[in-house]
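Read the structure below first, then the notes.
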Amino acid sequence: MGYHPRFETTEAGSFLTTRCRNSELWLNASSELERATLGYAAKYAERYKVTLYGIAIEGNHIQSPAHFPGLNRAHFMRDLNSSISRALPRYVRSYPGGRLWGRRFSSELTPFEDIEKEFFYTVLQPVQDGLVEKLSEYPFYNCFHDAVWDVRRRYKVVRWGDYNEARKNGTHVRISDYTEIVSLKFARVPGYEHLSQKAYAHLMQAKLEEKRVEIVKKRYSDGLGFMGRERLLAVVPGSLPGNTKTSSIDSHRPRVLSACPVRHRFWTNWYFGNYYQYKEASREYRAGNLNVRFPEGTYKPPILSPAPKPKDYS
């Protein structure tokens with residue numbers, strides 16, 4: 001059984017994850033790649049009017065809680081993941097080639113009331129995974145400070161397609177002529193719009209520390225420690241992690257992420273209601289009814305053209 005269909009809605013957020021093939025550790029291989037990844041996230045978030053609540057670039061996966069008011073999650077993820085794939089061999093010479101991502105991205109419906117939980121899950125990934133005990137020790141980008149203080153970092157993004165096309169045509173070009181400046185902006189977690197920036201940041205810092213201490217205590221009680229900054233910096237790009245999440249095509253994947261059983265039930269029912277409507281609409285569409293109405297936030301299935309008849313040369 002393949003990955004279940006994903007439906008888009010303006011009434012809930014999404015928790016997005018894309019993992020490298022075989023969980024290989026490529027994404028923290030260079031600071032240039034990290035800046036490019038953040039620049040692409042900013043570029044496409046602006047292009048598609050996406051609300052980003054946070055982003056984590058771990059060694060073998062990238063994840064983000066987000067909201068797509070334009071019902072264009074598929075377009076955003078297509079452009080972001082393909083741009084990162086093309087950037088990797090440009091900045092990491094040891095990359096052997098081939099596809100970067102293990103499979104298509106995963107996306108779980110996340111009610112707005114549960115965005116906060118997934119935000120802290122995202123920013124505390126380095127601690128949860130046993131990489132560092134404190135975020136201040138993490139040598140790579142972590143979005144927490146920027147997100148809670150509304151810091152908007154600027155990145156340079158090169159339009160490589162246009163640049164290479166111009167060079168192919170023999171035109172004398174400068175890379176600066178094909179470089180744009182983008183700003184990475186994170187939205188405030190829903191439910192705290194009434195707070196001042198300072199009050200919001202201090203509240204989130206207190207919550208972060210409380211959650212971090214709980215994670216650290218549990219790891220030590222389980223007999224687990226932390227890699228630490230120096231060992232993290234010594235990781236060979238493309239190597240396999242000591243421990244990582246694994247799944248097969250048949251593994252269970254949640255449709256909804258919610259700590260509240262009422263919300264979980266509501267959105268699960270919403271999902272399966274759309275699912276059965278989509279199946280019926282798809283059946284009619286493939287049978288020839290091209291005017292059938294699909295549920296909002298779904299995509300029409302492809303229709304395969306019949307193979308052409310062989311020519312008669314007799």
Side-chain angles (χ1 to χ4, degrees), residues 14-48 50-66 68 73-107 118-119 121-123 125-126 129 131 135 138-147 151-161 163 175 178-187 232-233 235-239 241 244:
S14 298
F15 187 70
L16 310 161
T17 305
T18 316
R19 189 170 295 274
C20 295
R21 65 185 184 194
N22 304 318
S23 290
E24 295 169 2
L25 297 164
W26 289 111
L27 299 181
N28 294 138
S30 81
S31 57
E32 292 88 354
L33 177 63
E34 180 180 84
R35 287 195 293 272
T37 299
L38 294 169
Y40 289 131
K43 175 180 178 177
Y44 298 125
E46 181 178 333
R47 173 180 294 181
Y48 294 114
V50 178
T51 303
L52 289 179
Y53 297 105
I55 191 171
I57 307 170
E58 302 300 313
N60 59 14
H61 68 281
I62 182 170
Q63 64 186 33
S64 175
F68 297 87
R73 181 182 61 215
H75 298 79
F76 171 80
M77 293 300 291
R78 175 201 63 200
D79 290 355
L80 175 62
N81 287 341
S82 63
S83 293
I84 297 171
S85 295
R86 291 193 298 270
L88 178 56
R90 187 180 304 125
Y91 297 116
V92 184
R93 299 301 180 187
S94 60
Y95 186 64
R99 62 189 177 93
L100 169 62
W101 307 115
R103 58 170 65 98
R104 67 174 179 157
F105 71 93
S106 67
S107 175
E118 303 311 322
F119 170 76
Y121 178 83
T122 298
V123 299
Q125 277 274 290
D129 291 346
L131 305 182
L135 291 185
Y138 190 57
F140 309 116
Y141 179 76
N142 187 280
C143 72
F144 177 75
H145 180 269
D146 293 353
V151 176
R152 305 185 184 188
R153 296 183 189 268
R154 293 160 65 84
Y155 296 95
K156 293 180 179 180
V157 176
V158 179
R159 302 193 310 276
W160 290 105
Y163 173 72
I175 201 167
Y178 296 86
T179 301
E180 55 189 284
I181 306 297
V182 294
S183 180
L184 182 57
K185 174 187 176 182
F186 296 109
L232 266 177
L233 290 171
V235 169
V236 177
S239 60
T244 188

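By the side-chain contact (heavy atoms from CB on, under 4.5 Å) test, K185 pairs with R152, sequence neighbours left out. Applying the side-chain contact (heavy atoms from CB on, under 4.5 Å) test to V235 and every residue at least two apart in sequence or in another chain returns L25, M227, S239. Y138 is linked by a ring pair (Phe, Tyr, Trp, His ring centres under 6.0 Å) to F140, counting only residues two or more places apart in sequence or in another chain. Residues forming a side-chain contact (heavy atoms from CB on, under 4.5 Å) with V157 (at least two apart in sequence, or on another chain): Y40, K43, E180, V182. When the side-chain contact (heavy atoms from CB on, under 4.5 Å) test is applied to S85, the partners found at least two apart in sequence or on another chain are L100, W101.
I57 places none of its side-chain heavy atoms less than 4.5 Å from the side chain of L33. Proximity of Y178 to W160: side-chain heavy atoms (C-beta onward) are nowhere separated by under 4.5 Å. At a threshold of 4.5 Å between non-hydrogen side-chain atoms, the residues E118 and Y53 do not count as touching.
From S23, atom OG reaches atom NE2 of H61 across 9.0 Å, with rounding to the nearest 0.5 Å. Taken to the nearest 0.5 Å, the CG atom of N28 stands 7.0 Å off from the CD atom of E58. Going from atom CZ of R154 over to atom CG of L38 covers 15.0 Å, rounded to the nearest 0.5 Å. Taking CZ of F105 as the start and CZ of R78 as the end, the distance is 10.5 Å to the nearest 0.5 Å. Atoms CD1 and OG1, on I84 and T37 in that order, are 4.5 Å from each other to the nearest 0.5 Å. One finds the OG1 atom of T18 at 9.5 Å from the CD atom of Q63 (value rounded to the nearest 0.5 Å).
Shortest non-hydrogen contact noted between S14 and R73 is OG-NH1, 3.1 Å. The nearest pair of heavy atoms linking S64 to G54 is OG-O, 2.5 Å. Heavy atoms only, all atoms of each residue included: L232 and P139 are closest at CD1-CD, 3.8 Å. Scanning both residues, D79 and Y44, for their nearest heavy atoms gives O-CE1, 3.5 Å. Here the closest heavy-atom approach between residue P65 and residue T122 is recorded as CD-OG1, 3.5 Å. Listed here is the closest heavy atom pair of I181 and K156: CD1-CG, 3.4 Å.
Proximity of a side-chain donor or acceptor of N142 to a complementary backbone N or O of F144 within less than 3.5 Å is detected.
The environment of CD in E46 is sparse: at most 12 heavy-atom neighbours from other residues, nucleotides or ligands sit within 6.0 Å.
Counting only residues at least two apart or in different chains, ring pair (Phe, Tyr, Trp, His ring centres under 6.0 Å) contacts with residues 76-96 comprise W26-Y95, F68-F76.
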